[in-house]
Structures are given as C-alpha cells and as structure tokens.
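Presented below is the structure to which this report refers.
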2 protein chains.
Amino acid sequence: MHSQFTIDCVILSFDNGTLQVLLTERNEYPYKDWWSIPGYFVDKYEEMEDAVYRICHEMTGLKNIYMDQLAAFAGVKRHPEGRILTVAYLAFVQYDSIKSKIKPVSTYMKQAKWFAINDLPDLAFDHLEIINKSLGRLKNTISYSASLYELLPEKFTLTQLQLLHEAILGKTLDKRNFRKKINTLGYLKPLDEYQKGVSYRAAKLYKLDKRKFHKVIGQG
Amino acid sequence: MHSQFTIDCVILSFDNGTLQVLLTERNEYPYKDWWSIPGYFVDKYEEMEDAVYRICHEMTGLKNIYMDQLAAFAGVKRHPEGRILTVAYLAFVQYDSIKSKIKPVSTYMKQAKWFAINDLPDLAFDHLEIINKSLGRLKNTISYSASLYELLPEKFTLTQLQLLHEAILGKTLDKRNFRKKINTLGYLKPLDEYQKGVSYRAAKLYKLDKRKFHKVIGQG
DNA sequence: TTTAATAGTGTAATAAATACACATTATATT
DNA sequence: AATATAATGTGTATTTATTACACTATTAAA
C-alpha cells in the first residue's frame with residue numbers, strides 16, 4: 001500500500017536556444033513505457049523537502065538541486081488507480097553540467113532524457129498541465145531575476161542570457177537595450193575570458209556576482 | 001476514516017486600515033476550541049475546486065468566493081493524528097458585504113470571526129505559517145492589480161485604495177504620486193457620488209471599470 | 001465663525017524604457 | 001593574401017515613469 005501522495009519534479013534547463021525539460025520513461029504501471037516528469041510516492045514519515053531530493057535522485061541520478069513548490073494537483077481522474085494528489089516542484093539546472101549524470105538510480109524509471117519544451121512526447125497523467133503551469137510561473141516570476149542563472153552555465157555570454165530571456169518571455173528583445181538593462185542591474189561580472197570553438201568573433205564571458213546579486217535583491 | 005487530505009482557506013479582507021483574516025473556532029478534536037483558518041477534509045470523489053467552495057461555505061456560511069491555490073503543506077508533525085497534507089487556498093472578500101453572512105453551517109466550527117492580521121490569537125496546526133505565506137503572496141503579486149479590488153467595497157475612495165496598498169506593502173505612499181499612478185492605469189471610473197456620514201469633506205467615490213481593466217491587463 | 005479633519009491638486013528633476021544602425025573581430029574559404 | 005561569413009559590441013535621442021515636495025478647498029461639528 002502506497003502512502004497518501006506523490007511528488008513530481010519539473011526540472012527545466014536551457015540549451016540550443018530552447019527551454020528543455022527532463023522526462024523519465026516509466027517502467028511500471030500505470031502508464032508503463034510513457035514519458036513523465038520524474039516523481040514518486042512520499043514516504044509516510046518523510047518531509048516533503050526531503051522527499052523531493054530523494055525522488056529526484058532516484059528517478060534521474062541528479063543530486064543537490066534546489067526546488068520550489070509549484071502547486072498541488074489532485075484531479076479525481078488524474079490517476080487511473082484512484083485520486084492521488086501530487087505536489088509538483090520546480091527546479092532549474094545547468095544543461096551542460098548535468099548531461100552525463102542523468103541516469104535513474106531506481107528501476108522505476110527506464111531512462112531520463114531532455115526534451116525541448118515545444119517538442120514534447122505524449123505525457124503520463126496530467127504532466128503536461130504541470131509543465132505548462134511551470135512555464136507560467138517562470139514567465140511571471142523570474143525575468144531579470146535570480147534563479148534564472150541556474151539555467152545557464154557558470155560562465156555565459158550576454159547573447160546566451162538574452163536568448164534565455166527571449167525563450168522565457170516568448171518574444172525577441174533589442175540587443176542594445178537588453179545589455180543596458182543588464183548593466184544597470186550591476187551584478188554580472190565580466191571575465192577576462194572568451195567563448196571558444198566558434199567560427200566567428202568570440203564573445204566575452206560573464207558570471208553572476210552572487211555577492212552583488214544578494215545586495216541588489218535584498219533591497220528590492 | 002477520513003479521506004487523504006484537507007483544504008484550508010485563507011480568507012482575507014480589509015477594514016479599518018488593516019488586513020483582516022477570517023478565523024473559525026474549532027468544535028472538534030484535535031485543537032478543539034482553538035482558532036483556525038476554515039478547512040476540512042476533501043471527499044474521496046470531489047474535485048478540489050468543488051471542495052474549496054463546499055468547505056468554505058460549511059465552515060463560514062460564505063458562498064461564491066473566488067479562491068486561488070496558495071500551496072500544499074504537509075509537515076510530518078503538522079497534525080497530531082499523523083501527517084495530513086493540506087492544500088491552502090487564498091480568497092479576498094469585501095468586508096462590509098459579508099459581515100452579516102458569516103456563520104458556520106456545519107457544527108464542526110463554533111463560530112467564524114474576523115481578526116486583524118497583526119493581532120491574531122494562537123492558531124491550530126501550522127495555520128500561522130499558512131497565513132504568513134498568504135501575505136507574502138499578496139505582497140508579491142497584486143499591488144496595482146486585479147483581485148485587490150475584491151478587498152474593497154464596490155464603491156471606494158482613493159484614500160481607501162491607498163490605505164489598502166499601504167497595508168499590503170507595509171509602507172506609506174505619497175498621495176499625489178499614488179493618484180497619478182492610479183490615473184495612468186486608467187481603469188478606475190469616477191462616480192458622481194460622494195462618501196457619506198463623515199464629519200469632514202466627503203471624498204469622491206470610484207469603482208473598478210472591469211471592461212477597461214481587462215483590456216489593460218490583457219496586454220500586460 | 002472658528003476649528004478640525006480630510007480631500008484634492010501641479011511641477012520640476014531624475015531615472016528608466018524604447019527605438020534605431022553600423023563598425024569590429026575571428027574564423028573559414030578561395 | 002584576400003574575401004566572405006557570422007556574430008560581437010557599441011551610443012544617442014525620445015518618450016515614459018518615478019520621485020520629491022506643500023498648499024488650498026470643503027465639510028461638519030463645536
């Protein structure tokens with residue numbers, strides 16, 4: 001007999017100019033062989049915060065990811081075996097730093113794989129609804145803000161940052177105005193390093209200055 | 001045997017320059033005789049949206065209130081009879097239009113009563129945490145926005161509106177600048193009516209022009 | 001008629017957002 | 001060596017929004 005409720009994790013990343021979501025291929029009924037966002041039952045005496053990390057690790061191999069609660073979903077018909085409430089969490093991770101580590105630890109999932117957000121397979125349960133809600137949250141709460149930088153490599157170009165904003169907001173931005181804005185925020189540190197392996201002028205790399213970031217954010 | 005989870009409702013209002021929350025006095029164990037936000041168990045085959053309205057009505061006598069999901073709370077120790085997850089919802093209502101209707105329908109609660117948000121009694125379960133989370137949500141998402149107007153009477157003065165903003169933001173605002181801002185938004189309709197029963201110059205009344213509001217909001 | 005209490009109003013200064021186009025640089029190709 | 005390609009990096013003028021700031025007008029009550 002399973003416990004009362006499950007946790008499901010929307011794990012987003014950014015690559016190739018597109019938002020990516022990490023899906024797992026189920027190895028158990030219901031929805032065996034379907035793609036789903038990683039999730040599982042919470043243990044009886046387990047705090048949700050602990051469960052999120054455990055489940056995320058077991059289903060994808062990923063560890064130490066910061067997750068925020070998104071919402072609870074409890075549609076009567078969402079689960080074919082009876083109404084099971086799930087609490088969805090949302091996390092942002094850097095695509096490159098994580099690619100090699102993705103592999104389920106448990107046998108409950110067959111594999112874990114990134115999918116571009118606008119090219120998703122059919123999904124188990126109400127997981128498409130959960131993903132859509134995540135995208136809404138992303139759009140409303142984090143443009144020009146904190147956790148955004150979890151989606152980029154540690155060192156990134158301003159063009160990458162702009163593409164990320166564009167992907168989230170669903171519209172193009174003016175390059176000069178974007179850079180001006182970024183500058184006034186004042187918490188990006190330019191490095192003495194440049195992009196490598198491109199067949200055109202290499203762009204300067206930047207990283208988030210966390211010290212300054214927290215100063216700026218602490219105020220408003 | 002109760003179903004898997006509960007719903008709790010944070011019902012906020014505004015009166016006397018202060019945010020108010022509707023609490024119910026429990027008539028059952030655990031926490032018998034304690035004040036709590038109204039809530040109860042969701043039925044096995046009941047959609048959450050339906051349960052919210054049913055529970056809110058049974059516990060407070062209020063009907064037809066629009067509620068937004070706030071978050072799920074599931075601390076292992078939050079409920080003395082074992083971990084019970086609750087999904088908290090948040091609603092805004094007009095203080096005056098509702099005062100007389102507040103009276104529990106079920107006997108599960110003894111009475112329902114408004115409390116000023118900064119003068120709360122001890123609360124059952126983790127309900128203080130839930131209320132605090134509501135206030136954070138209110139602050140982050142609705143200044144100069146929609147559901148705010150649910151907290152005011154249909155016809156209100158600009159000073160009332162300003163006091164509401166100040167209560168939510170926890171700081172004072174400049175009267176002229178506030179009115180200028182409100183004006184540029186353009187969805188408040190001035191009426192040919194004035195405040196009554198005050199012993200000083202009566203203020204003009206305004207109401208929300210929902211048509212214009214949706215136009216403005218629809219864009220950004 | 002005076003007092004008390006709140007309503008209602010404008011301007012100047014600063015900061016932020018927008019619109020808009022071209023020279024620069026690194027690599028690859030011939 | 002010269003050229004083509006593809007993306008980087010930069011400035012100014014205009015409009016819009018935000019901030020700071022103080023007095024007169026109106027009403028009811030004393």
Side-chain angles (χ1 to χ4, degrees), chain A residues 14-18 139 143-145 152-153 155-207 212 215-217 219-220, chain B residues 14-18 139 143-145 152-153 155-207 212 215-217 219-220:
Chain A
F14 183 66
D15 184 60
N16 216 330
T18 317
K139 192 165 174 178
S143 55
Y144 294 119
S145 111
L152 293 170
K155 303 170 181 181
F156 50 84
T157 69
L158 294 181
T159 299
Q160 281 177 301
L161 183 59
Q162 182 177 344
L163 287 171
L164 173 56
H165 278 84
E166 290 178 344
I168 291 171
L169 298 173
K171 65 178 182 190
T172 59
L173 302 171
D174 177 86
K175 182 156 57 151
R176 281 172 294 186
N177 293 341
F178 179 77
R179 287 171 183 227
K180 197 187 305 172
K181 171 75 179 172
I182 287 295
N183 249 317
T184 63
L185 296 177
Y187 50 69
L188 286 197
K189 179 155 53 185
L191 304 173
D192 283 331
E193 289 179 67
Y194 292 81
Q195 214 176 10
K196 274 175 191 159
V198 291
S199 70
Y200 45 79
R201 177 174 179 182
K204 200 175 185 64
L205 293 172
Y206 289 76
K207 66 189 243 187
K212 285 191 188 166
K215 266 189 209 162
V216 174
I217 295 308
Q219 291 157 5
Chain B
F14 182 67
D15 184 60
N16 215 331
T18 317
K139 192 166 174 176
S143 54
Y144 295 120
S145 109
L152 293 171
K155 302 170 181 182
F156 49 84
T157 68
L158 295 181
T159 299
Q160 282 177 300
L161 183 59
Q162 181 177 344
L163 286 170
L164 173 57
H165 278 84
E166 290 178 341
I168 292 171
L169 298 174
K171 65 178 184 191
T172 58
L173 301 171
D174 178 87
K175 183 158 57 154
R176 281 172 293 186
N177 292 341
F178 179 78
R179 286 168 183 228
K180 197 188 305 171
K181 172 72 180 175
I182 287 297
N183 247 318
T184 63
L185 296 177
Y187 48 69
L188 286 197
K189 180 155 52 183
L191 304 173
D192 284 331
E193 288 180 66
Y194 292 82
Q195 214 176 11
K196 274 176 192 156
V198 291
S199 71
Y200 45 79
R201 177 173 177 183
K204 199 175 184 68
L205 293 172
Y206 289 76
K207 65 189 245 188
K212 286 192 187 165
K215 266 188 205 161
V216 175
I217 296 307
Q219 291 157 5

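Just the heavy atoms: all of them, side chains too, but no hydrogens, waters or symmetry mates, feed the values below. Just so we're on the same page: letters track the sequence lines, and every chain starts at 1. Predicted model only: the values in this text are computed from it and were never measured.
Distance from the side chain of B:R201 is smallest to D:dT26 among C:dC20, C:dA12, D:dT26. Across D:dT10, C:dA17, D:dA22, the shortest atom-to-atom separation from the side chain of B:R176 is found for D:dA22. Comparing atom distances between the A:N177 side chain and each of C:dT18, C:dG8, D:dT8 picks out C:dT18 as nearest.
Between the P atom of C:dT27 and the CD atom of A:Q195 lies a distance of 11 Å, rounded to the nearest Å. A straight line from NZ of B:K204 to C1' of C:dT9 spans 14 Å, rounded to a whole angstrom. Separating the CD atom of A:Q160 from the P atom of D:dG9 is a distance of 12 Å, rounded to the nearest angstrom. Atom-to-atom, CG of A:L188 to P of D:dG9 comes out at 13 Å; the value is rounded to the nearest Å. Protein atom CG of A:L185 is 16 Å distant from nucleotide atom P of C:dA15, rounded to whole Å. Going from atom NZ of B:K181 over to atom P of D:dT16 covers 14 Å, rounded to whole Å. The CZ-P distance, from B:F178 to C:dT9, rounds to 15 Å in whole Å.
Each of A:K180 and A:K175 has a nearest nucleotide on DNA chain C; the 5'-most of these lies closest to A:K180. Between B:D174 and B:T159, the residue anchored closer to the 5' end of DNA chain C is B:T159, taking for each the nucleotide with the nearest heavy atom.
Residue B:S199 places no side-chain N or O under 4.0 Å from the OP1 or OP2 atom of C:dA4.
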